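Counting begins at 1 with the first residue of the sequence. Computed over heavy atoms, backbone and side chain alike; hydrogens, waters and symmetry mates excluded. For clarity, every value in this text was computed on a predicted model and none was experimentally measured.
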Amino acid sequence: MCRSEADAFFKVFDHRFLLTHGDSLGVKGGDGLIGALGPIARGTLKIGKQAARIGRDFDTLLMGHWHAYMPRGELCR
C-alpha cells in the first residue's frame with residue numbers, strides 16, 4: 001500500500017525507527033558555535049513528543065536535512 005506521509009516509521013526486530021527529512025521541523029537554525037546541533041536537538045525533542053502523542057514512539061530518529069553524520073546518545077547497548 002502506498003501512503004503519502006512525510007515520515008516513515010518502521011521496526012527492525014524490536015528497535016523502532018522514525019525516518020524524516022528534517023526540513024519541516026519548524027525549529028530555528030543553528031549558530032556559528034554549535035552549527036546544526038541546536039536545531040537537531042530541538043527538532044528531536046519536538047518530533048519525539050509529536051510521535052508519542054500518536055503512538056509512534058521511536059528509539060532512533062534518522063534525519064538527512066543537514067547532510068552530516070552526527071550520532072547522538074548511546075551507540076552500543
Phe9 and Arg56 have their tightest heavy-atom pair at CE1-O, 3.7 Å

Contacts of Leu19 meeting side chain to side chain contact (heavy atoms under 4.5 Å, CB included) (sequence neighbours excluded), chain-then-number -> Ala8, Phe10, Leu62

Taken to the nearest 0.5 Å, the spacing of Asp59 CG from Asp57 CG works out to 8.5 Å

Rounded to the nearest 0.5 Å, the NZ atom of Lys11 sits from the CZ atom of Phe58 at a distance of 14.5 Å

By side chain to side chain donor-acceptor pair (under 3.5 Å), Thr20 pairs with (sequence neighbours left out) Asp7

